[in-house]
There are 4 protein chains.
Amino acid sequence: MLNRVILIGRLTRDPELRYTPSGVAVTQFTLAVDRPFTAQGGEREADFIPIVTWRQLAETCANYLRKGRLTAVEGRIQVRNYENNEGKRVYVTEVIADNVRFLESNRDNNGGAAPREESPFGGGSGGGNRGNSSGYSRNNQDPFSDEGKPIDISDDDLPF
Amino acid sequence: MLNRVILIGRLTRDPELRYTPSGVAVTQFTLAVDRPFTAQGGEREADFIPIVTWRQLAETCANYLRKGRLTAVEGRIQVRNYENNEGKRVYVTEVIADNVRFLESNRDNNGGAAPREESPFGGGSGGGNRGNSSGYSRNNQDPFSDEGKPIDISDDDLPF
Amino acid sequence: MLNRVILIGRLTRDPELRYTPSGVAVTQFTLAVDRPFTAQGGEREADFIPIVTWRQLAETCANYLRKGRLTAVEGRIQVRNYENNEGKRVYVTEVIADNVRFLESNRDNNGGAAPREESPFGGGSGGGNRGNSSGYSRNNQDPFSDEGKPIDISDDDLPF
Amino acid sequence: MLNRVILIGRLTRDPELRYTPSGVAVTQFTLAVDRPFTAQGGEREADFIPIVTWRQLAETCANYLRKGRLTAVEGRIQVRNYENNEGKRVYVTEVIADNVRFLESNRDNNGGAAPREESPFGGGSGGGNRGNSSGYSRNNQDPFSDEGKPIDISDDDLPF
DNA sequence: TTTT
DNA sequence: TTTT
């Protein structure tokens, strides 16, 4: 009835952009969020929280977010489930984001992977392929071709 | 770095109160939270989100929450993992609540299980056993005795 | 850059529906939200927080919310300012709601004012005047005619 | 009954640390939070939201926050009121913060005022006066001496 | 000016 | 499988 999540953390890897069979953009990444207390032993732990974004927001995230970047995410908790290879039901909890804030510009943080775009509001190579950073065109790609795991993304998951 | 969740939904069952080996109260329940849109086909779906409360809040939840009650929960997302019987790593996502609001009084809603306590601020049988609804005293109980699944609760999970 | 508020409280009065000069619905009400602690002396205090809703949500709120009802509100803090009669700048802080949840149905709570509509999803008198509870038609009304204070609502305040 | 605010924005000035008559630290600052849409004319507007922190958090904020810094704030909305010089009741809305995150380290942003401390976890001059940046000792100060406006802070405002 |  |  009400379901609201706000997180600030850092990406553990570059985001992954894919497309559903019907061509809708989806980007997934994981946010490492430090816990507000230290574990016994004094080490600070983190929660690794899977984030999913759809459509235009997915393309923006794929273009501008990179591993290590401090990022704020607003969204809702969603619990999916599917049957795995052994016929067992597996539950997957993700945050479906509807608002993502880039708290570090590209200038601030240049460790990790090289940015695919020069600047958050900079040029890009123009044209219709913007946002599809896989190098495949939107029509003949197979976004899941390199995936060993069961395909767990479909148009049925579309939140709106 | 920041991790905040606010949910409003209904309990799918009565809450379960247990104690860690060192005697700390933990209560778990699941909140059914309706999604803000309807699936294709027009049915309204819900997310079933596991909630964990600790210490005094755990005892209050065990005493006053019941299946079906409309409830607000504030907390943070936590992702635990453990190795299962087949040596596979399993990830469990829960909301660790630090604030729970009972949006329906006992009077409002008397379906489901009978309340164990008469009123939210009513008597109880007094004495040291308050909040331990398992019928075991706090010292000789085995809160996990009736559990087939691997014990996935320990003092290591203590959030503060 | 990020601005999110979630409140649960009770309406101090029936909501007030008005229309901007260009015919956009706006509803205002105040939420009494109990503080999480007691003041010295032991009395529990509350914050009285002004809420504003626009368009369709404004009409729904005007139709179904009433004085005393337990209500959840999601939105953002907005700070307006205007010059008063004495030429002094006055600051007004409100929560612009984009999501409102009715936590008590009409059946639960029938003290206070009589409901203008029978049931949350019930009939109403039908037709185009739905949601305009002032009795004026949408075109020839003056929503501010009965107001002594400076007109502090205009199309400029439109949030989207 | 539930009152939660999360903001990300930038300080409009250096924070102001004061002490109540009984010696409790209070820090006030204003956060400029960009609105999620542009006004007609295309300019992006912001809300200027007053933040209050107490005790240890007040001292930390006074030490490490500076004008212009990107900052996340978690807290609750509080509405105070007092009678002004002309006998008129004035309402003041503030966010009482219980969690503040510094999203830019001292290195990132050195515009505006010079930092009073070298680094977030750096030295300081040590000793009991830490956090009292007014230059007054905690006992003989008058935290309101340089204030023309009515004293609007007192131990009565203490949130816990 | 305030709600239960 | 994890980020600074």
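Every chain is numbered from 1, with letters handed out A, B, ... down the list of sequences.
Rounded to an integer number of Å, the gap from A:Phe48 CZ to F:dT4 C1' is 11 Å. Atom CG in A:Asp14 sits about 17 Å away from atom P in F:dT2, given to the nearest Å. Between the P atom of F:dT4 and the CG atom of B:Leu2 lies a distance of 19 Å, rounded to the nearest Å. If you take CZ of A:Arg35 and P of F:dT3, they are 16 Å apart, rounded to a whole angstrom. Following rounding to the nearest Å, C:Leu70 (CG) and E:dT3 (C1') show an atom-to-atom distance of 10 Å. Put simply, CZ on D:Arg101 is 20 Å from P on F:dT3, counting in whole angstrom units. At whole-Å resolution of the value, CZ in C:Arg69 and C1' in E:dT4 are 13 Å apart. One atom, CZ of C:Arg44, and another, P of E:dT2, lie 19 Å apart when rounded to the nearest Å.
When all heavy atoms of D:Val79 and C:Arg35 are compared, the closest pair comes out as O-NH2, 3.5 Å.
Here F:dT4 is the nucleotide among F:dT1, E:dT3, F:dT4 with the atom lying nearest to any side-chain atom of A:Arg10. Among the nucleotides F:dT3, F:dT2, E:dT3, the one closest to any side-chain atom of B:Tyr91 is F:dT2. In the set E:dT4, F:dT1, F:dT3, E:dT4 carries the atom at the smallest distance from any side-chain atom of C:Asp34.
A close approach under 4.0 Å does occur between a side-chain nitrogen or oxygen of D:Arg89 and OP1 or OP2 of E:dT1.
The residues B:Glu74 and D:Arg4 are annotated as salt-bridged, a charged nitrogen and a carboxylate oxygen being separated by less than 4.0 angstrom.
Residues satisfying the side chain to side chain contact (heavy atoms under 4.5 Å, CB included) criterion with D:Leu11, sequence neighbours excluded, are D:Pro15, D:Phe29, D:Leu31, D:Leu65, D:Thr71. Partners of C:Phe48 under the side chain to side chain contact (heavy atoms under 4.5 Å, CB included) rule, at least two apart in sequence or in another chain, are C:Thr12, C:Thr30, C:Ala32, C:Ala46.
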